A.B. asks: 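The structure under discussion is supplied below as structure tokens; questions concerning it will follow.
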Amino acid sequence: MPKPISAADKAALKVVIVTLDMHLAGAAERALVQLRRDIPGLHLGFHAAVGWSDPRALERCRADIACADIILVTMLFTQEHVDAILPDLK
């Protein structure tokens, strides 16, 4: 009898974290290692607003937001940072 859920049936899940700086990066990477055991298709995008002076970094963030299943936004203290991605979050 086949299993109700097999590895081939698991869909990829894309999570994007957008934050002020890289303060969460280490914790997110450690959590990702453990979470991938239960969610093999898990992908994590991590973007720090302090790097958005480079337009390419901001565009990479927007592209990740556009295809994310779950988006976590934290510690964006300036209106400039919020305004940079707010249209993408709507």
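Quick caveat: nothing in here was measured; it's all calculated off a predicted structure.
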A.B. asks: Are Arg60 and Asp64 side-chain neighbours, meaning at least one heavy-atom pair lies under 4.5 Å?
C.D. replies: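 With C-beta onward as the side chain, the pair stays apart.
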A.B. asks: Can you run down the salt bridge (charged side-chain N to carboxylate O under 4.0 Å, His left out) pairs that involve residues 41-57, sequence neighbours left out, and say none if there aren't any?
C.D. replies: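 Applying salt bridge (charged side-chain N to carboxylate O under 4.0 Å, His left out) to every pair that reaches into residues 41-57, excluding sequence neighbours, yields Asp54-Arg56.
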A.B. asks: To the closest 0.5 Å, what do you measure between CG (Leu42) and CD (Gln34)?
C.D. replies: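 Atom-to-atom, Leu42:CG and Gln34:CD are 12.5 Å apart.
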A.B. asks: Which heavy atom of Ala57 sits nearest to which heavy atom of His47, and what is that distance?
C.D. replies: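 What the structure gives for the nearest pair is O-ND1, 4.5 Å.
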A.B. asks: Is there a chain of hydrophobic side chains (I, L, V, M, F, W, Y, each step under 4.5 Å between heavy atoms) that links Val50 to Leu58?
C.D. replies: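 Looking at the clustering, Leu58 is in a separate group from Val50.
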A.B. asks: I'd like to know if Leu13 and Phe46 are part of one continuous hydrophobic network [Ile/Leu/Val/Met/Phe/Trp/Tyr, side-chain heavy atoms within less than 4.5 Å].
C.D. replies: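 The answer is yes; both residues are in one hydrophobic cluster.
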A.B. asks: Rounded to the nearest 0.5 Å, what separates atom NZ in Lys14 from atom CD1 in Ile70?
C.D. replies: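 Nearest 0.5 Å value for the NZ-CD1 distance: 12.5 Å.
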A.B. asks: Enumerate, atom names and distances included, each donor-acceptor pair closer than 3.5 Å involving a side-chain atom of residues 18-29, sequence neighbours excluded.
C.D. replies:
| from | atom 1 | to | atom 2 | distance (Å) |
| --- | --- | --- | --- | --- |
| Thr19 | OG1 | Thr74 | O | 3.1 |
| Asp21 | OD1 | His23 | N | 3.0 |
| Asp21 | OD1 | His23 | ND1 | 2.4 |

A.B. asks: Looking at CD1 of Ile65 and CD1 of Ile71, how far apart are the two atoms once the value is rounded to the nearest 0.5 Å?
C.D. replies: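 So the CD1 of Ile65 and the CD1 of Ile71 are separated by 5.5 Å.
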A.B. asks: In the single-linkage hydrophobic clustering (I, L, V, M, F, W, Y; side-chain heavy atoms under 4.5 Å), do Leu32 and Leu72 co-cluster?
C.D. replies: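 Leu32 clusters together with Leu72.
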A.B. asks: Check whether Ile17 and Trp52 end up in the same hydrophobic cluster, where Ile, Leu, Val, Met, Phe, Trp and Tyr are linked by side-chain heavy atoms less than 4.5 Å apart.
C.D. replies: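 The answer is no; the residues belong to distinct hydrophobic clusters.
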A.B. asks: With a 4.5 Å limit on heavy-atom distance, are the side chains of Leu76 and Ile85 in contact?
C.D. replies: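 The answer is yes; the side chains approach within 4.5 Å.
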